[in-house]
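Written below as structure tokens is the structure these notes are about.
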There are 2 protein chains.
Amino acid sequence: MQPLTPASLNPAILNVEYAVRGELAIKAEEYRNQLKNPDHELPFDRVISSNIGNPQQKGLDQPPITFVRQIAALMEYPALATLAPTAFPSDVLARAAELQSEIGSIGAYSHSQGVPYIRHSVAKFIAERDGFTGHYAEYSDPNAIFLTAGASAGVSLLLSMLIASKNDGILIPIPQYPLYTAAIAQFEGKPIPYYLSSSTSAGWQTSVPDIREAIAKAKKEGTNPKALVVINPGNPTGSVLDRSTMDDLVKVCEEHSLVLLADEVYQDNLHARVDDPSVSFTSLKKVTHALQSPIPLISFHSTSKGVLGECGRRGGYFECTNISPEVRALIYKMVSVGLCPPLQGQIAVDTLVRPPKQGEPSYALWKEETGTIHKALASRTSTMTTRLNALPGVKCYPSPGALYLFPEITLSEKAVKAAKEKGKAADALYALELLDETGICVVPGSGFGQKEGVWHYRLTCLCPGVDEYVGKLEKFHKGWVEKYGV
Amino acid sequence: MQPLTPASLNPAILNVEYAVRGELAIKAEEYRNQLKNPDHELPFDRVISSNIGNPQQKGLDQPPITFVRQIAALMEYPALATLAPTAFPSDVLARAAELQSEIGSIGAYSHSQGVPYIRHSVAKFIAERDGFTGHYAEYSDPNAIFLTAGASAGVSLLLSMLIASKNDGILIPIPQYPLYTAAIAQFEGKPIPYYLSSSTSAGWQTSVPDIREAIAKAKKEGTNPKALVVINPGNPTGSVLDRSTMDDLVKVCEEHSLVLLADEVYQDNLHARVDDPSVSFTSLKKVTHALQSPIPLISFHSTSKGVLGECGRRGGYFECTNISPEVRALIYKMVSVGLCPPLQGQIAVDTLVRPPKQGEPSYALWKEETGTIHKALASRTSTMTTRLNALPGVKCYPSPGALYLFPEITLSEKAVKAAKEKGKAADALYALELLDETGICVVPGSGFGQKEGVWHYRLTCLCPGVDEYVGKLEKFHKGWVEKYGV
């Protein structure tokens, strides 16, 4: 007997799908290897992985924020403070010394929930961000904050805990970030989709009546809704929720005893803010607090997005609001089995929530570096939206936040048929041919969910030269239209 | 209705137990906080967390290996190579440049399976360690290696995949490392315990006939054994398997179609090697290869143990042997949902498998630092074993490997009764009173499993001053014996 075959494995695992790193990403990796051979015959000279919000990847090379890396380097090798004191500004040296005195060596396991000192900093950040003027701990309890290895680790953990039976359902937006469907499949719950609507004027919108309808339908089918996932700013849509919708989301959770899972990892990616600093992010924590709502809320944040873009160090946190100490003790137990989040991820969280302040030696450079990234992202997003919208059969809604565009593409019957013959969805064929011709890797809309017969793809607004990049997309699309019609 | 209570959660979560960071560790943390108050009335002035193999923790302060940290710092902040070139030896600068050219920024997500270049280095290391003289890839396939966030992440993942139904069982040694029972509970499988035997002359021994018996008993009870966990060197026992037992373990897996899970994270902690460099670690990979056995084998290693002791960065790997590309593709899919292991963990794996070589500028310091750690650990292990054995009612078997002792303690009926009145196991009461009186936190044997009516505790062989430390253990034990008898 073969002891280990796919059929012998946990069947829930077989059902997991994760399009962001699926077939296309694997093929992109192969192309990247082929390109190392100078005699390759590929029609492009580099692969751009627009399938994933990974700004520091080779080829994009978004520079890291110097402040973050200087502190990280000193934490790795504290002797540098005396070996090379002039290599660091004084506030960086002071911050590193402060963290070292709290943490000791970053080679030690920390508290499983994350370094207590950093959790206090996170709580202060949350209170200030939300305009709370009293003592931060009255608004955000450091004991209710869990540092994590990126937001994904926290989301997976919470879903593994919330799904108690095969009839338990999790409300997810469609289109969604595929981590949610992947984790729900792994932990054998039921996804309860609520569709976002799109219009040229308003972009992507969350409709609370549609959520109520989805809940009613799920209950009728015997599914027990446990939690509502909200991604704000949206991934893949880039939409930003308005206050009245947020109020209603909290109320829906109250009415139906739902846990609210607020994925707010793009909270620092609000493009309008570049021109108008008065534009601010409204958290679901702030709304819940303002409504004095008792709903259990878990809010996720990450060091991978925003302007830090520190994906590789795996840093993030989640904050529990209105969640009993008993349940938090169970969360603690589960994270303790994994020992602790990576310390360099935790350090990055500290720099995320405590950037240099005006007047401090590192402030000017930090301001310049973060400003450049914000501006470039806003400008690329706008250019790409305009130029993609000008293509035949492409509708690209405004994306006021996050890092992505999610253009809708009209695909002809001929294209749908050609894809079917290859055993693929039509948008997957589009993405595959795009990769084959240009080296640009995007994710077909089917990976995020979309209405039947409507096609999209997701691409990041990260690219080295926007002209050349969009030029390639345009050239490919025109060729596709010639081949398959609109 | 309360939407979120322990009763509303996944019941499998409620069954998870993880003693290493359980009640005692939480109390130790509270004491640590109390000690910050200069007016505390505790009978000790520091807490020593001997419950966990965490050598760089505050109070133990095992220094990190300079080579590891210098490379890590340069990866964080590459500008240091020009800002402070004299702060680094030339081989460190060269290694960091080489890794940077392969990886790019460590702020980027890597390949979900880990940086390919580092996986090649791991494969070379495995082949050399096992004395394979052909091309390393014929022995160890870099595509079958997965870098992980510490060994724990890999173990949890594999168990989540292998347990396909509630009747699937995993053979685990008792005493075991509680990660195994915790993960089996979480993924709703059945632990199939096989008891290790202990004797004063031979220490802790694995009996293959006992494993066969455990398999037969499990099958009779309707449990389907899927995998055999072997921890070598042992945790908590410190025992090291002999070759003929290893041969038999492979054969048992062949006979019963078991996947062999080889937890070899202590492979570099062989105390006899300090005096005799010819003592070498034998991996289950080597044995499987020598027997030309087709059994599926997954071998785990970590940067947290050995002499690196880099627990906080979360680095490790597992190697798949005799595992089909289809199953490996499923493993890849699952790790891709978590995006990638932390880059600083991956970098540490590189330094683990490629230490400086004789003749290179960093070699002398590396040799001195690692030698000091090996020697101190061997000497403390020996001193602690001898002195604990001299205490009334304590039997401490030789621990030729790993970082722990697992002394057996005779606890009187009076003690058992006193514990029962407090709703505790007798060894838990022992550990609790030890913590209350000395600030030393150990883990009661019940957390690892032990035969009915036999009591143990696990403590690490990491401590700042062995004399003072063992002195405290001795004083406490004598007081306990006075109070409860032997």
Side-chain angles (χ1 to χ4, degrees), chain A residues 1 3-4 6 8-11 13 16 18 21 52 54 56-58 64 69-70 72-73 76-77 80 83-84 87 104-110 112 149-150 152-153 160-161 163-164 179 182 257-259 296 309-314 323 326-327 330 333-334 336-339 342-345, chain B residues 1 3-4 6 8-11 13 16 18 21 52 54 56-58 64 69-70 72-73 76-77 80 83-84 87 104-110 112 149-150 152-153 160-161 163-164 179 182 257-259 296 309-314 323 326-327 330 333-334 336-339 342-345:
Chain A
M1 193 182 97
L4 192 54
S8 71
L9 294 177
N10 178 359
I13 298 293
V16 169
Y18 188 64
R21 293 219 160 183
I52 189 157
N54 188 16
Q56 294 188 32
Q57 67 174 288
K58 272 188 175 186
R69 294 305 192 89
Q70 285 175 330
E76 288 293 351
Y77 191 34
L80 286 171
L83 288 172
S105 167
I106 58 160
Y109 295 121
S110 71
S112 294
S152 301
S160 80
M161 296 182 69
I163 298 170
L179 165 65
S257 288
L258 298 172
V259 178
E310 290 282 349
C311 305
R313 58 210 317 115
R314 316 308 296 119
I323 290 178
E326 292 72 29
V327 170
L330 287 169
K333 179 180 76 175
M334 295 311 294
S336 77
V337 178
L339 298 160
L343 266 288
Q344 279 291 7
Chain B
M1 191 182 98
L4 193 55
S8 71
L9 294 177
N10 178 359
I13 299 292
V16 169
Y18 188 65
R21 292 216 161 185
I52 189 156
N54 188 17
Q56 295 188 30
Q57 68 174 288
K58 272 190 174 184
R69 295 306 191 88
Q70 286 175 331
E76 288 293 350
Y77 192 35
L80 287 171
L83 288 171
S105 167
I106 59 161
Y109 295 122
S110 70
S112 293
S152 301
S160 79
M161 296 183 69
I163 297 170
L179 164 64
S257 289
L258 298 172
V259 178
E310 289 283 347
C311 305
R313 56 211 316 117
R314 316 308 296 121
I323 290 178
E326 292 73 30
V327 170
L330 287 168
K333 179 179 76 176
M334 296 311 294
S336 78
V337 179
L339 297 161
L343 265 288
Q344 279 290 7

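Computed from a prediction, not measured in an experiment: that's the story for all the values here. Order of the sequence lines fixes the chain letters, A, B, ..., with proteins taken first and strands second; residue numbering starts at 1 for each chain. Note: hydrogens, waters and symmetry copies are ignored here, and every other heavy atom, side chains too, is used.
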- Task: With a 4.5 Å cut-off on heavy-atom pairs, point out which of B/G312, B/G345, B/G104, B/G309 contacts chain A the most.
- Result: B/G312
- Task: For chain A, find which of B/A84, B/S160, B/G338 contributes the most heavy-atom pairs closer than 4.5 angstrom.
- Result: B/S160
Would you indicate whether the side-chain heavy atoms of [Y] and [X] approach each other to under 4.5 Å?
X: B/E76; Y: A/R313; value: yes
X: B/L179; Y: A/L339; value: no
X: B/P6; Y: A/V327; value: yes
X: B/Q344; Y: A/I106; value: no

Provide the closest heavy-atom pair for [X] versus [Y] in the form atom of the first, atom of the second, distance.
X: B/P11; Y: A/A164; result: CD-O, 3.6 Å
X: B/I163; Y: A/N10; result: O-CB, 3.3 Å
X: B/Y77; Y: A/Q70; result: OH-NE2, 3.0 Å
X: A/A108; Y: B/N54; result: CA-OD1, 3.2 Å

Per-residue contact mode, [X] against chain B (heavy atom under 4.5 angstrom):
X: A/A182; answer: side chain
X: A/A72; answer: both
X: A/L80; answer: side chain
X: A/M161; answer: both

- Identify which one of B/Q57, B/E310, B/R69 satisfies the side chain to side chain donor-acceptor pair (under 3.5 Å) criterion when paired with A/S105. B/R69
- Among the listed options A/P64, A/C311, A/A73, the residue most often paired with chain B at heavy-atom distances under 4.5 Å: A/C311
- Would you find a donor on one side and an acceptor on the other, under 3.5 Å apart, between the side chain of A/K333 and the backbone of B/I13? yes
- chain A contact via B/A153 - side chain, backbone, both or neither, heavy atoms under 4.5 Å: neither
